[in-house]
Amino acid sequence: MKKLSLISLAVIVVLTPFLFSCKKLTRSHAVVVWHWMTDRDEALQELARKYKEETGQEVQFQLYAPSDVYSQKVKVGAQTNSLPDIYGVLGDAQDLAHFIEAGHVENLTGSLGEGPDSWRSTFYEEAINTAYFKAGNSFNVPEGTYGIPLDVTTIPMIYNKSLFAKAGLDPQKPPQTWTEFLEAGKALKKIGVTGFVSGWAETWLIYSLVTDLAHNLMGAEKVMDTHAGKVSYTDPDWVAVFTAFEQLQKAGFVDPSLVTLGNKAAEQAFSQERSGITFNGSWAVNVYAGMNDKLDYAPFPPPQLGNKFPPCVWGGAGSVFLVNAKSEVKDKAVAFLKWLSDKKQASFMVSATRNLSAVKDVGGEGVSPVLQQFADLMKNSIHPNRFLISEDPKVQEAITKGIQSILISEKTPSKVAEEVQKAKEKSKTE
Amino acid sequence: MEQRAGNTKKSDSPFTWHMAGNYFFVLPALLMFLIFNFYPYIQVFFLSVFKWNGISLSKTFVGLANYKDIISDNVSWWISMKNAAYVTGLALTVQNGVALMLAWMVDRDIRGGQIYRSIFFLPPILSGIVVGLIWNWIYQGDYGLLNGLLDKFGYGHLKEAWLANPKTALTALSVVHMWKGFGWGFIILLAGLQGIPRELYEAARVDGASEVRIFWKITVPLMIPVFILVSVLTVLGTMQMYDLVITTTRGGPGLHTEVPMKRILDEITPGSRVGYASAMGVVFGAVLLVVSMIQIQLSKWFKAE
């Protein structure tokens, strides 16, 4: 009897956690949203409160930060089928495609509709197309729009007008060509500041400028042909793009720690007027306001390498919300996103966060003249999420690491081009 | 008598019912180990023979292709291993040498020994992220503290972008790692030194042995097990460094400060190659296992000597 009691007790203790874990969690009918935007959390919580007041529907915004922690959380959520009703995927089109392929993302094409009065028409085309997959895309994702943009960013060059004036440069006329940019940098160096700073330890910023310059020099078609493997990275146009970074290094005005600076450190350097030109995103308006509210600056497109194609700026893509295709409250999630992207709510977000709205014609106290200048650069913007063919991450790494090597005089542009092409050849066989 | 013999036989059995209670108490820990340690190990081995992006429902079996690629065609991986080995070499010698010297000094009942103990153990308890950000500012090329001091003391010609220069980046990073890590070795070595009976030192001094001879003939031989423990922990801790790299150089410039842990995580995000990253994890684990086993064998050899 004693033995039996002992065995029973052991079995109960061992199985208890499993029995409880097997019980399906009964969720309330609240719409749950996972996000990573620390700076926008307060505003989003406020909007959730307003939504409950207006409709009686509860929405729970759950913040997971920093962004790499959030990325891991979402991946684990996908693997364990525990994603919330609304979430976002940080990464490029390929990452989003993986989630779509696994059935975790609702195709919102039908909900967005078509025509001038549709939900789709309220967004900037560049913004809504961030989550759009064209027919015949390289990821084999069925054609459709899979996300709702909340805000947008542009990543241009930014110059300090006061330092330009001090260096004898025209503060109303930023450099337009690469040669003018190099001359401006040298002039800035002469007045004791670095000509250029950016957080190029964060290699996505390098890749952003490389694609801008490549699109400007050889046009989108040739860039896509390169991604498709039809054009080699050893092509003279690509070598010219890499050579631009060698010229930058040889001009001698860049911050000496350029390749190991994080973006936050670069933002500090620029806002404290230790550097005259930087390469940063539109979120910097909010950042600079917090660091130095007297900073007099303006954005401008990356200087042109060629004159056959227009200058390009990475932009249009920002924070995008996706609806979980497996959510039990899918319709409620879509209804909330529709409410969230209404002009009234979008205007509130702009005022509260100083980010560019993905919704067209949204005013708000946050839209300062300088923020509007960033918004204006969205014309002619490019973004990997809208590329028909994305480049392999390993090739992107070969490009960005190669450019770091050029910037420390370790490799020549031709050598980097060869190494990038080698990485491309390898990616094609995988 | 028969009954007594029977009882004896019963107690010789490897499992008795009255022992069930003991197993019962071990069971939760065993289950935890199986679920949170053993299962992930097995899962990593399993994933390493697949091509999988970490999200898709389907995985493609690739056999040993991931391993083949890592061993024969992944230059950046082996550069990262070489970098980690360089930092580990410095940590084993310089970091542990400094830790031993400081532990030896504190063990000699110098004034303020308790304060030194606290001060020396401060860096290890600081967050790696915070330490990285502070040292990033110290090393900064244009306005960093180190270059400022060099300027002030007339050594301006030595100014350098310490983390951006490929010649100094890895060593500069190693200095931060050693500064943050020497406290662990210090505490363990100090505990080891304090475990040596004082009578041995006194007897040696009575016999006229010099301090240097006492150190080499008494302290070092008795400390060998502690040295081995510290060196195994140093190798494991240093080879797996990550947070300092992320907050200082992010592996740059180029591949000059890449480390294995970062390469593995880069394969997962943004690479989306979870199977390949798992294979890297297995290779890395195997290397660490071999190194640790060599160290343990060496300790046995030293003991025998």
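Labels below follow one simple rule: chain letters A, B, ... track the order of the sequence lines, proteins then strands, and each chain is numbered from 1. Any value given below was found using the heavy atoms of this structure, including those in side chains, with hydrogens, waters and symmetry copies removed.
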Could you check whether B:Ser48 and B:Tyr276, counting side-chain N and O atoms only, form a donor-acceptor pair closer than 3.5 Å? no
Looking at chain B, which one of A:Leu90, A:Leu258, A:Val259, A:Ile406 has the largest number of heavy-atom pairs inside 4.5 Å, strictly under? A:Val259
Donor-acceptor contact below 3.5 Å, side chain B:Asn83 vs main chain B:Leu255: yes
At a heavy-atom separation under 4.5 Å, does A:Lys75 approach chain B through its side chain, its backbone, both, or neither? both
Between A:Glu397, A:Gln396, A:His104, A:Lys411, which has the largest tally of heavy atom pairs under 4.5 Å with chain B? A:Glu397
Does any heavy atom of chain B fall under 4.5 Å from the side chain of A:Thr194, the backbone, both, or neither of them? side chain
Testing A:Tyr70, A:Tyr64, A:Tyr87 for ring-ring contact (aromatic ring centres under 6.0 Å, His included) with A:Trp34, which one passes? A:Tyr64
Please state whether the rings of B:Trp162 and B:Tyr139 are parallel, tilted or perpendicular, taking 30° and 60° as the class boundaries. tilted
Check each atom of B:Ile268 against the heavy atoms of chain A and say whether the ones under 4.5 Å are side chain, backbone, both or neither. both
Do B:Glu258 and A:Lys401 meet the salt-bridge criterion of a basic N to acidic O distance under 4.0 Å? yes
Is a salt bridge present between A:Asp255 and A:Arg274, judged by a nitrogen-to-oxygen distance below 4.0 Å? no
For chain B, which candidate among A:Gln404, A:His98, A:Gln94, A:Gln79 shows the most heavy-atom pairs at distances under 4.5 Å? A:His98
What part of A:Lys264 gets within 4.5 angstrom of chain B, counting heavy atoms only: side chain, backbone, both, or neither? neither
Engaged part of A:Pro256 at the chain B interface, taking heavy atoms whose separation is under 4.5 Å: both
Backbone N/O of B:Val49 and side chain of B:Asn66: donor-acceptor pair under 3.5 Å: no
Given heavy-atom pairs under 4.5 angstrom as the criterion, report whether the side chain, backbone, both or neither of A:Ala201 touches chain B. both
Which one of A:Thr260, A:Ile408, A:Ile403 has the most heavy-atom pairs closer than 4.5 Å to chain B? A:Thr260
Region of B:Thr248 in contact with chain A, defined by heavy-atom distances below 4.5 Å: backbone
Answer with side chain, backbone, both or neither: which region of B:Asp266 has an atom nearer than 4.5 Å to a non-hydrogen atom of chain A? side chain
Can you tell which part of B:Glu267 gets under 4.5 Å to a heavy atom of chain A, answering side chain, backbone, both or neither? side chain
Within 45° of the ring axis of A:Phe253 and under 6.0 Å from its six-membered ring centre, is that where the NZ or CZ of A:Lys186 lies? no
Regarding A:Trp200 and A:Asn263, do their side chains bring together a donor and an acceptor under 3.5 Å, going by distance alone? no
